[in-house]
Amino acid sequence: MRPSAVRLLNILVPVKRTVDYAVKIRVNPDQKGVDLNVKHSMNPFDEIAVEEAVRLRERLKDEVKSIKVVTIGPTKAAETLRTALAMGADSGIHVEVPDSAPPPEPLGIAKALRAVIQREKEGVDLVILGKQAIDDDASQTGQMLAGLLDWAQATFASKVDVDPKAKTANVTREIDGGLEELKCQLPLVVTTDLRLNEPRYASLPNIMKAKKKPIEKLTPADLKIDLTPLLETVKVTEPPKRKGGGKVESVDELIAKLKEAGITPVKS
Amino acid sequence: MLFSRQLARRPLIRAPRRWTHSPAALAGLKSVTEDDLVHFAHFLPPTSIVSTLSPSAAPSSELESFNNDWMNKYHGRSTTVLKPRTTEEVSKIVKWCNERRIGIVPQGGNTGLVGGSVPIRDELILSLSNMSKIRSFDDVSGILVADAGCVLQSLTDYLAPHNHIVPLDLGAKGSCQIGGNVSTNAGGLRLLRYGSLHGSVLGLEVVLPDGTILDQLTTLRKDNTGYDLKQLFIGAEGTLGIVTGVSILAAPAPQASNNVMLALPKFENVLPLYKETKRQLSEILSAFEFMDRTVYDLAVKHGQGRALNPEDVEGAECFVLVETSGGKREHDEQKLNSLLESLMEADVPLINTGVIATSPAQFSSLWAIREGLTEAVSKEGKAYKYDISVPLYKFQEVVDKTKNHLQEKGLLHEDAVKYVVGYGHVGDGNLHLNVVAAAYTPEIEAALEPFVYELVASYKGSISAEHGIGAMKTHALKYSKNETSIEWMKKIKALFDPNGIMNPGKVLP
Ligand SMILES: Cc1cc2nc3c(=O)[nH]c(=O)nc-3n(C[C@H](O)[C@H](O)[C@H](O)COP(=O)(O)OP(=O)(O)OC[C@H]3O[C@@H](n4cnc5c(N)ncnc54)[C@H](O)[C@@H]3O)c2cc1C
């Protein structure tokens, strides 16, 4: 095989603007959705993805050629891009959907991301994204994207090592009951798990710099994709309220209460 | 009683050794006996009595957390803790103790930092922890009435869905009680914005030292009908009576909060930065907290919050945490951003750099660094804590002079004093000077006191800005209060508590 010239890595990090995880979710009276008039911020798993891309550059230096962030969302999603740029990404793409449009579904997003990747002149070697978004918890986008592109995928990553020369990556995954190590060929889709890293604060000089970094605006039509939802939301409800516990004054009272609740001692 | 008061009035000549020595205030007081327990058992359930005496005969380990203070510096030897559930029960206990001349230490969350919440000898401990009910909340006026034993955090949690906050916040919020906060007139992290408890406490219910219940639990914003007695109990540290109920004005919850941590090249920049921040942020500025580099490093070492990136702390001599709280996110962010821009783009910048929290997780994390300082210091060693008010521009000088003084005494090394650090509420002129030692020793104490107090007095400062006097600073009261003031404080004490049973040996020399 002919030795290929050392390829420099181009990394793409898709990010989503979601209702902040600290906000108490309230279901709308029509039971078709939740109150969105609340604080939003970057999906925490995506923040981990941006952080990982920036750390890869810190480790691999010039071997990482570009870190691009992309979001598909309403006008305000641009703020999320700025946050990612302040953390260290180089440039952004905003695929703008009207504020009034219903939220796109994972398959639509995966198709949009495929279209974005295919437009990139220098190609994309590595996509890092959150394992799920905390609003719909679907955990599908990364997998669908890898499927559409026919790329390798390493989901729920807790450690990522990339060797740009060999065009491979070693990824540790969090699986039930332990860890799994994968060796993958680039190009690759990685989805992040919580333990991968702890995202940095955005520093003031970087926030200032981020203001000057380019954000390209696109529409779904530019990408020739249709984001109309395929699924219908039938009903959204709150989980049943937990009943509070009570305090007892003595062991005897506790035993009486347990009996009342139908719990009896096991005979040995 | 006359006898002991005369004793107390003698000029103080001795300085250290006071841990081993019971003050005169305890001289006429009696210990709890088994007979007393029999009496208490008439109206208290067994779960409200913890005692090493018969018949309950609990192991003394069960009393450890009540007998020793948060810093593990002050150690009482009480045999008995009572945990009444109602004001009436408190009243009965106090009445009995007054008749029998048994000293009482009211105890809240036991997070006080001046040894006021533990007995000096074997006084009875009256814990408010079983009185933790919220009595009422009016979401129109924002007035909250609660039992004194409500933990501060639980009040915050209770108010959150009603869109209100307690006008008080401090690092000990998970354990300290509203009654303890009132009794120490705690300041904390929100004082800059919401003022002191003397303003926000609207009413109190207090059990006086003879057992009388003084009901001043009004819920009126305005009430000019003679002497405002409740003010006396705010900051009385349990020496005038037991606070059993508190009526407090909660503030509307801010709709948007932001914070930033700024790294400063030198201390001299703190003041100009404070001025500029106040000018530009005006009504949305809600905290301006200072910490020097050494204490920041200790917080990071002991895992308090997520540290800043190495390049952001490089060359920083100190840090300032700025918080904004306001009604409209866009408005607040715009103000904050233009402040930060002007700071970064100034010809001679006041700050090296800074970080901004972009998510609630980061918001909490930045606060965790500041709120974790007290804990970090106590993990590092034994802390001598001086909570002082001095003019802002003297903050660094106080730290430096103390350090030099210890150096001259040959006490600044690994086995004696490890660090001298400063942090505090710049907005309130309140510095926490902490001397972190390998162990509490008489030499270090003798080197620090009265040195620190004299230093503070030379700036016309206060030797206790917010933590109170407790057992730690009774001998130093004179550095901040003149003779006439102390004389009248003693008269007030004698008027309320002629038998001297309420938290004896605390506050007054
Ligand atoms: C990590 C940490 C951070 C802190 N930060 C601050 C801060 O920022 N600002 C500040 O001002 N303080 C601060 N403190 C000290 C502060 O004084 C206490 O945390 C708090 O106000 C005391 O409440 P407590 O319920 O723990 O009272 P305790 O420690 O139990 O008691 C304190 C004093 O009040 C008396 N007392 C308690 N309850 C009653 C009652 N119901 N009736 C009558 N007397 C009573 C006690 O006898 C004692 O003299 C901090 C302490 C810690 C440990």
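Below, chains carry the letters A, B, ... as their sequence lines are ordered, and counting in each starts from 1. Only a predicted model underlies this, so the values are computations on that prediction, with no experimental measurement involved.
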Might you confirm whether atom NZ of A/Lys213 has over 12 heavy atoms from other residues, nucleotides or ligands at distances under 6.0 Å? yes
Shortest non-hydrogen contact from B/Pro360 to A/Tyr21? C-OH, 4.4 Å
State whether the number of non-hydrogen atoms from other residues, nucleotides or ligands found under 6.0 Å of B/Glu341 atom CD is greater than 12. yes
Under 4.5 Å to a heavy atom of chain A? For B/Ser364 that would be neither
Between CD1 of A/Ile207 and CD1 of B/Ile356, what distance do you get to the nearest 0.5 Å? 5.0 Å
Which region of B/Ile351, side chain (C-beta onward) or backbone (N, CA, C, O), has a non-hydrogen atom less than 4.5 Å from a non-hydrogen atom of chain A, or is it both or neither? side chain
Which atoms of B/Ala160 are under 4.5 Å from chain A, going by heavy atoms: the side chain, the backbone, both sets, or neither? neither
Check the pair A/Glu47 / B/Ser359 against side-chain contact (heavy atoms from CB on, under 4.5 Å), numbers first and verdict last. CA-CA 10 Å; A/Glu47 226 182 332; B/Ser359 65; 4.3 Å; yes
Rounding to 0.5 Å, atoms CZ (B/Arg85) and CD (A/Glu249) come to a distance of 5.5 Å
CZ of B/Arg306 to CZ of A/Arg200: how many Å apart, nearest 0.5 Å? 7.5 Å
Apply side-chain contact (heavy atoms from CB on, under 4.5 Å) to the pair A/Tyr201 and B/Leu366, showing each step before the final yes or no. CA-CA 9 Å; A/Tyr201 302 110; B/Leu366 285 181; 3.5 Å; yes
Best-contacting candidate, B/Asn337, B/Asn309, B/Val260, against chain A by heavy atom pairs under 4.5 angstrom: B/Asn309
With the side chain counted from C-beta on, respond yes when A/Glu79 and B/Glu333 share a heavy-atom pair under 4.5 Å apart, and no when they do not. no
I'd like to know whether CZ of B/Arg329 has more than 12 heavy-atom contacts from other residues, nucleotides or ligands below 6.0 angstrom. yes
Non-hydrogen atoms of chain B under 4.5 Å away: do they reach the side chain of A/Ser41, the backbone, both or neither? side chain
Side chain, backbone, both or neither: which part of A/Lys211 has a non-hydrogen atom closer than 4.5 Å to chain B? side chain
Within the 4.5 Å heavy-atom criterion, are B/Gln255 and A/Lys39 side-chain neighbours or not? no
Evaluate whether atom CZ of A/Arg195 has more than 12 neighbouring non-hydrogen atoms of other residues, nucleotides or ligands under 6.0 angstrom away. no
Flag if over 12 foreign heavy atoms under 6.0 Å of CD, B/Gln334: no
More than 12 heavy atoms from other groups under 6.0 Å of CG on A/Asp62: no
Spacing of NZ belonging to A/Lys247 relative to CG belonging to B/Asn130, to within rounding of 0.5 Å: 6.5 Å
Using a 4.5 angstrom heavy-atom cutoff, name the option from A/Pro44, A/Ser250, A/Pro199, A/Ala202 with the most pairs to chain B. A/Ala202
Answer whether the closest heavy-atom distance between the side chains of A/Pro205 and B/Met344 falls below 4.5 Å. yes
Report which part of B/Leu262 has an atom under 4.5 Å of a heavy atom belonging to chain A: side chain, backbone, both, or neither. side chain
